[in-house]
Q: 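Sharing a structure below in structure tokens format, with a few things to ask.
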Amino acid sequence: MKKREAKKEFTHGLKMGVPIGIGYFVVAFSLGINAKVAGFTTIQAGLASMLLMASAGEYALFTLVAAGASYVEIAVMELVANARYLLMSCALSQKLHPETKFFQRFFIGQSITDEMFGAAIGRDKFCTAVFYFGMMAVSIPGWTIGTMLGVAVGNILPANIVTALSVGLYGMFIAIVVPPSKKSRIVFCVVLVSAALSTLFAFAPLLSKLSEGIRTIILTIIISAGAALLFPVDDDGNIIAEKKKEVANEQ
């Protein structure tokens, strides 16, 4: 990749990463309060956030540490809570540019989050390593610094204000999903089905008892497999049914 193109990709990644980093800062701020309750120092909490990069996983970590859980219990819980990232890694590996090197894939795999994954998958073209690194350059510091400040001064702010601010992250994720949904009716229907099934799983008697990570894995496999069978894509990533319709309209 030429330097000018790489710079353009990195700058684009930075721009995409700014709202993600802001949302992460707010969410991590509330996590920092939990870390302080669990006895973590500012540096320890910051390192935990930088290496883990998962809100549910970190909340589970701080809660278990505060409860005096064993290392084995913490490891098993983290595996369950973060298992969905295994699926995301497999999906993102197919979206990365073929020229992406192993060490670049390694660092990208270490830093997969829901929001950065959505931004990368939502691109019309291949996701380059420098684009993803641009998002990481803003998102990871936002997450880490937010956690550290939460430990240092988090108790100063009322809990209801911290909770209200964290809603902004969900709004940002919706902004990532809406554009491709507007372009494709099939994607829009898949989003609606995903929302409906997620709600069902959250309140169904037996399914609601499963962890969030396990529910996400089950839903991802069911919905993605169904969409792949009903609406296959070609080698360029275009939905075949929509491509045929476009050709027919042109004729």
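All of these numbers come straight from a predicted model, not from anything done at the bench.
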Q: On a heavy-atom basis, which atom in Leu61 and which in Ala48 lie closest, and how many Å separate them?
A: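 Answer, listing the atom of Leu61 first, then Ala48: CD2-CB, 4.3 Å.
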
Q: If you measure from OH on Tyr59 to CG on Leu31, what distance do you get to the nearest 0.5 Å?
A: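 Answer rounded to 0.5 Å: 9.0 Å.
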
Q: Kindly write out the residues that satisfy side-chain contact (heavy atoms from CB on, under 4.5 Å) with Ile22, not counting sequence neighbours, or none if the list is empty.
A: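 Residues passing side-chain contact (heavy atoms from CB on, under 4.5 Å) with Ile22: Val18.
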
Q: Applying side chain to side chain contact (heavy atoms under 4.5 Å, CB included) to Lys36 and Phe62, what does each step give before you reach the verdict?
A: CA-CA 9 Å; Lys36 184 175 182 179; Phe62 299 145; over 6 Å; no

Q: Can you establish whether the number of heavy atoms outside Lys95 located under 6.0 Å from its atom NZ is more than 12?
A: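 Yes.
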
Q: May I ask you to decide if the ring planes of Phe102 and Phe106 are parallel, tilted or perpendicular, using 30° and 60° as cut-offs?
A: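 Ring orientation, 0 to 90° scale: tilted.
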
Q: Taking the ring centre of each residue, are Phe10 and Phe131 less than 6.0 Å apart?
A: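 No; Phe131 has its ring centre 6.0 Å or more from that of Phe10.
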
Q: The criterion is side-chain contact (heavy atoms from CB on, under 4.5 Å); which residues satisfy it with Ser93, sequence neighbours excluded?
A: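 In terms of side-chain contact (heavy atoms from CB on, under 4.5 Å), with neighbours along the sequence ignored, Ser93 is linked to Arg105.
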
Q: Are Phe107 and Ile121 joined in one hydrophobic group, where the rule is that I, L, V, M, F, W and Y side chains link up if heavy atoms are under 4.5 Å apart?
A: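 The answer is yes; both residues are in one hydrophobic cluster.
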
Q: Does Phe133 reach the side chain of Ile108, with side-chain heavy atoms less than 4.5 Å apart?
A: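 Sidechains of Ile108 and Phe133: in contact.
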
Q: In terms of hydrophobic clustering (I, L, V, M, F, W, Y; side-chain heavy atoms under 4.5 Å; direct or indirect links), are Leu86 and Ile223 co-clustered?
A: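 No, because Leu86 and Ile223 fall into different hydrophobic clusters, even though each may have its own neighbours under 4.5 Å.
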
Q: When hydrophobic residues are tied together by side-chain contacts of less than 4.5 Å, even through go-betweens, does Phe103 share a cluster with Met135?
A: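 They do share one cluster, since a chain of ILVMFWY contacts under 4.5 Å joins Phe103 to Met135.
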
Q: Nearest 0.5 Å, please: how far is CG in Asn82 from OG1 in Thr113?
A: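 Going from OG1 on Thr113 over to CG on Asn82, the span is 11.5 Å.
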
Q: Taking the side chain as C-beta and beyond, is there a heavy-atom pair between Gln104 and Tyr132 under 4.5 Å?
A: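 Not in contact.
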
Q: Is there a donor-acceptor contact under 3.5 Å from the side chain of Glu73 to the main chain of Leu64?
A: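 A pair under 3.5 Å: no.
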
Q: Would you mind reporting whether Ile112 and Leu92 have side-chain heavy atoms less than 4.5 Å apart?
A: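 A side-chain contact exists here, since the closest heavy-atom pair is under 4.5 Å.
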
Q: Quick one: does His12's side chain get under 4.5 Å of Met16's, heavy atoms only?
A: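 The answer is yes, as the side chains (C-beta and beyond) meet within the 4.5 Å cut-off.
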
Q: Specify the closest pair of heavy atoms between Val130 and Ala6, including all atoms of both residues, with the distance to one decimal.
A: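 The answer is CG2-O, 3.9 Å.
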
Q: Within the structure provided, determine whether Phe29 and Leu149 are in side-chain contact (heavy-atom separation under 4.5 Å).
A: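 Sidechains of Leu149 and Phe29: in contact.
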
Q: Which heavy-atom pair separates Ser208 from Ala202 by the least distance, and what is that distance?
A: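 Heavy atoms of Ser208 and Ala202 come nearest at CB-O, 3.2 Å.
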
Q: Spell out, as yes or no, whether a donor-acceptor pair under 3.5 Å connects the side chain of Ser139 to the backbone of Met136.
A: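 Not confirmed, Ser139 side chain does not pair with Met136 backbone.
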
Q: At their closest point, which heavy atom of Met116 faces which heavy atom of Tyr24, and how far apart are they?
A: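 Minimum heavy-atom separation between Met116 and Tyr24: N-OH, 4.2 Å.
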
Q: Does anything in residues 44-53 pair up under side chain to side chain donor-acceptor pair (under 3.5 Å), and if so which pairs, sequence neighbours excluded?
A: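 Output for this query lists Thr41-Gln44, Ser49-Glu58, Ser49-Trp143, Ser49-Thr147.
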
Q: Looking at every heavy atom in both Leu51 and Gln110, which two are closest together, and how far apart are they?
A: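 Distance-wise, the nearest heavy atoms are O-NE2, 2.6 Å.
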
Q: Please answer: with hydrophobic residues joined when any side-chain heavy atoms are less than 4.5 Å apart, are Leu207 and Ile222 in the same cluster?
A: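 The answer is yes; both residues are in one hydrophobic cluster.
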
Q: Supply the atom-to-atom distance Leu47 CG to Leu52 CG, rounded to the nearest 0.5 angstrom.
A: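 So the CG of Leu47 and the CG of Leu52 are separated by 12.0 Å.
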
Q: Ignoring hydrogens and angles, write down the donor-acceptor pairs under 3.5 Å from the side chains of residues 192-200, residues two or more places apart or on other chains.
A:
{"residue": "Ser194", "atom": "OG", "partner": "Val190", "partner atom": "O", "Å": "2.8"}
{"residue": "Ser198", "atom": "OG", "partner": "Ser194", "partner atom": "O", "Å": "2.7"}
{"residue": "Thr199", "atom": "OG1", "partner": "Ala195", "partner atom": "O", "Å": "2.9"}

Q: Just to verify, what does Thr144 make a side-chain contact (heavy atoms from CB on, under 4.5 Å) with, not counting sequence neighbours?
A: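 Met50, Ile140, Met148.
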
Q: Is it possible for you to say whether Phe40 and Ile43 belong to one hydrophobic cluster, with membership spreading through side-chain heavy-atom contacts below 4.5 Å?
A: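 Yes; tracing contacts between hydrophobic side chains, which count when under 4.5 Å, links both residues.
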
Q: Find out whether Arg84 and Asp114 are in side-chain contact, i.e. whether some heavy atom of one side chain is under 4.5 Å from a heavy atom of the other.
A: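 Side chain of Arg84 against side chain of Asp114, heavy atoms only: contact under 4.5 Å found.
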
Q: Evaluate the side-chain proximity of Phe25 to Pro141: yes if any heavy-atom separation is below 4.5 Å, no if none is.
A: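 They are not in side-chain contact.
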
Q: Taking side-chain contact (heavy atoms from CB on, under 4.5 Å) as the test, write out the residues that go with Lys182, two or more places apart.
A: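 By the side-chain contact (heavy atoms from CB on, under 4.5 Å) rule, Lys182 matches Val178.
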
Q: State plainly whether the residues Arg123 and Glu9 are in salt-bridge range, i.e. N to O under 4.0 Å.
A: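 Result for this pair is yes, salt bridge flagged.
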
Q: Return the CG to OG1 distance between Leu96 and Thr128, rounded to the nearest 0.5 Å.
A: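 Between atom CG of Leu96 and atom OG1 of Thr128 there are 9.0 Å.
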
Q: Take atom CZ in Phe201; do more than 12 heavy atoms of anything else shown fall under 6.0 Å from it?
A: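 Yes, enclosed.
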
Q: As an exercise, state the distance from CG of Leu219 to OG of Ser224, rounded to the nearest 0.5 Å.
A: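 Nearest 0.5 Å value for the CG-OG distance: 10.0 Å.
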
Q: Measuring from Met53:CE to Ser111:OG, what's the distance to the nearest 0.5 Å?
A: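 Here the interatomic distance stands at 6.0 Å.
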
Q: Applying side chain to side chain contact (heavy atoms under 4.5 Å, CB included) to Ile221 and Leu87, what does each step give before you reach the verdict?
A: CA-CA 9 Å; Ile221 293 175; Leu87 297 178; 4.3 Å; yes

Q: I want to check something: taking the side chain as every heavy atom from C-beta on, are Thr11 and Lys7 in contact at a cut-off of under 4.5 Å?
A: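 Counting from C-beta outward, Thr11 and Lys7 do come under 4.5 Å.
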
